[in-house]
Amino acid sequence: MISDEQLNAYRISGEKVRVVRDALRENDVRGIVVAWDDTHVLIRRPNRNVVKLDRGYLIQPSKEERIDPLAE
């Protein structure tokens with residue numbers, strides 16, 4: 001699970017993040033971090049819709065190469 005400090009850094013910088021939910025690239029959610037609590041994070045997508053996702057998903061900067069959650 002991603003730390004509160006890292007989420008706050010993404011929120012303050014406005015950096016676009018990628019939430020990797022499964023092995024399929026097209027299921028990734030990209031956007032900026034808006035808010036979070038103990039179990040969920042809110043991501044604002046480019047079309048201004050807000051998505052509520054579990055904090056257990058892999059969250060990484062969008063500009064970095066995608067990390068496959070199934071690769072070991």
Next item on the list: List in chain and number order the residues that pass side chain to side chain contact (heavy atoms under 4.5 Å, CB included) with Glu64, two or more places apart in sequence or in another chain; answer none if no residue qualifies.
Entry: Gln60, Pro61

Check: Got a second to check how far Asp54's CG is from Met1's CE, nearest 0.5 Å?
Finding: 7.0 Å

Notebook entry, point to check: Restricting to pairs with a member in residues 20-34, which pass side-chain hydrogen bond (donor to acceptor under 3.5 Å, both in side chains), not counting sequence neighbours?
Noted result: Asp22-Asn27, Asp28-Arg66

Which atom pairs, one a donor and one an acceptor, fall under 3.5 Å between side chains of residues 6-13 and the rest of the protein, sequence neighbours left out?
residue, atom, partner, partner atom, Å
Gln6, NE2, Tyr10, OH, 3.4
Asn8, OD1, Arg11, NE, 3.2
Asn8, OD1, Arg11, NH2, 2.7
Ser13, OG, Ala9, O, 3.1
Ser13, OG, Tyr10, O, 3.3
Ser13, OG, Glu15, N, 3.2

Next item on the list: Please report the shortest heavy-atom distance between Lys16 and Pro46, naming the atom on each side.
Entry: NZ-CG, 4.0 Å

Notebook entry, point to check: Are Ile2 and Val20 connected in the hydrophobic side-chain network, where two residues link if heavy atoms are under 4.5 Å apart?
Noted result: no

Margin query: Quick check: is Val19 connected to Val51 through a chain of hydrophobic side chains (ILVMFWY, heavy atoms under 4.5 Å apart)?
Written below: yes

Can you list, pair by pair, the side-chain donor-acceptor contacts under 3.5 Å of residues 31-45, counting residues two or more places apart and other chains?
residue, atom, partner, partner atom, Å
Trp36, NE1, Asp4, OD1, 3.3
Asp37, OD1, Thr39, N, 3.0
Asp37, OD1, His40, N, 2.7

